[in-house]
2 protein chains.
Amino acid sequence: MDVQIVREVSRDGRATLAHLSAAVGLSVSAVQTRLRRLEARGAIRGYRAVVDPDAVGRPLAAFIEITPLDPAQPDNAPEMLEHLDAIEACHSIAGAASYMLFVRVAAPRDLEVLIRDIRQAASVSTRTTVVLQTFFENRPIEPALTR
Amino acid sequence: MDVQIVREVSRDGRATLAHLSAAVGLSVSAVQTRLRRLEARGAIRGYRAVVDPDAVGRPLAAFIEITPLDPAQPDNAPEMLEHLDAIEACHSIAGAASYMLFVRVAAPRDLEVLIRDIRQAASVSTRTTVVLQTFFENRPIEPALTR
DNA sequence: GTTGAAACCGTACGGGC
DNA sequence: GCCCGTACGGTTTCAAC
C-alpha cells in the first residue's frame, strides 16, 4: 500500500490526496496518515520540481572523477565541494578514483573554471567526462520487487 | 521573476501558490500564470517526490559505462535499455565509452543480473563502478548567473 | 497584473472496525 | 493499530477588470 503511494507521488509530486486516494483505493484520511508517516520516517525526503537544465542556463553536464593528491592526508573532499552549486551529486566510489561528481554548467569555459575550483578547494586531481546527450535521467525509483 | 519561482518550486515542489506568491512578491494569480507557462514551455518538466533509495529496497547504486561490441553497427542502446527500471539515467558521453548509466539495485547479485541483461539487450560491453557512499545528489539546480 | 468568488483541497477531529 | 466521514480554513481556479 505504502509502496503504491510512493510510486504515485514519485511520478507526480503534486498529486492531491484525493487523487492518490483514488489511485490506491483508500480514503483521503488514510492516505494522508500514510504519507505523513512516510515523510516522517524519511522514506520520502521531500518534493522537487524537475527543471530543464537548458532552460536555467546549464546546458553542459559532465562527470568528474576525483583522486586526492596525497592519499595519506585525511580526506574531506565532499565538505570542501558542497558550496559549489554546479555540483549536483557527489558519491564516493570503488575504483581508481575516490569520488564521482555530476556537474552542470553554462559553457565549456565555466567547466574549466569549475575544475580549477575543485582542484584548489579539495587538493585533488580530476578526470572529466563530458555528457554529449542525456536520453533519460531522474527516472522515478521503482520499489524493488525482490526482498 | 520566473527564475525565483523556479528556484522556490525546485526546493519545495509542493509549495502552494500562496507561499510562492509571498516569496516573490506577486499576486497568487500572477504566480499561477507564470508557473503554468513554465510548465507549458517545458522549463518545469514535472514534480517528483524525492525517495530514499534504501527505503524502497534499492540500497546499492553503480555507474555503468557502456561500449558497443561492434562499432560499425547502428547503435540504439538507449531504447534497448529503457525498459530496465533499475536504470535511473542514461547519457551518451565523450570518452572511451559510449554511454554512462546510473543504476540502483537491491543487492550485488541483482547488479550481476542487471549487467548481464544490459549486455544482452544492447550487445555491449560494460565497465561498472560501484557507489560506496552518496554524500549528496539531486541538488536543486541553481539558475546560472552567467549569461 | 490584480481582485474576487466559487470549487477544490488539506487538515484535524470524532467515531467505528 | 488502521480506517472512514465530516467540517472548517486555506488553496486553486477562472472569470472580469
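Given the structure is predicted, the values throughout are model-derived calculations rather than measurements. We name chains A, B, ... by the order of the sequence lines, and we start the count at 1 in each one.
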* Over 12 non-hydrogen atoms of neighbours within 6.0 angstrom of CZ in B:R37 ->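 More than 12 within 6.0 Å, yes.
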* To do: May I ask you to decide if the ring planes of A:F63 and B:H91 are parallel, tilted or perpendicular, using 30° and 60° as cut-offs?
  => perpendicular
* In whole angstrom, give the distance that lies between atom CG of B:L20 and atom C1' of D:dT11. =>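 These atoms are roughly 12 Å apart.
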* Does the side chain of A:L69 come within less than 4.5 Å of A:S125's, by heavy atoms? -> yes
* Any Lys/Arg nitrogen of B:E137 or A:R48 sitting under 4.0 Å from an Asp/Glu carboxylate oxygen of the other? -> no
* Between protein and nucleotides 5-17 of chain C, map the contacts as a letter string: B base, S sugar-phosphate only, - none, heavy atoms under 4.0 Å, written 5' to 3'. => ----SSBB-----
* To do: List, by chain and number, the other hydrophobic cluster members for B:L60, where Ile, Leu, Val, Met, Phe, Trp and Tyr join if side-chain heavy atoms come within less than 4.5 Å, directly or indirectly.
  =>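 Its cluster mates, by chain and number, are A:F135, A:F136, B:I64, B:I66, B:L81, B:L84, B:I87, B:Y99, B:L101, B:V103, B:V105, B:L111, B:L114, B:I115, B:I118, B:V124, B:V130.
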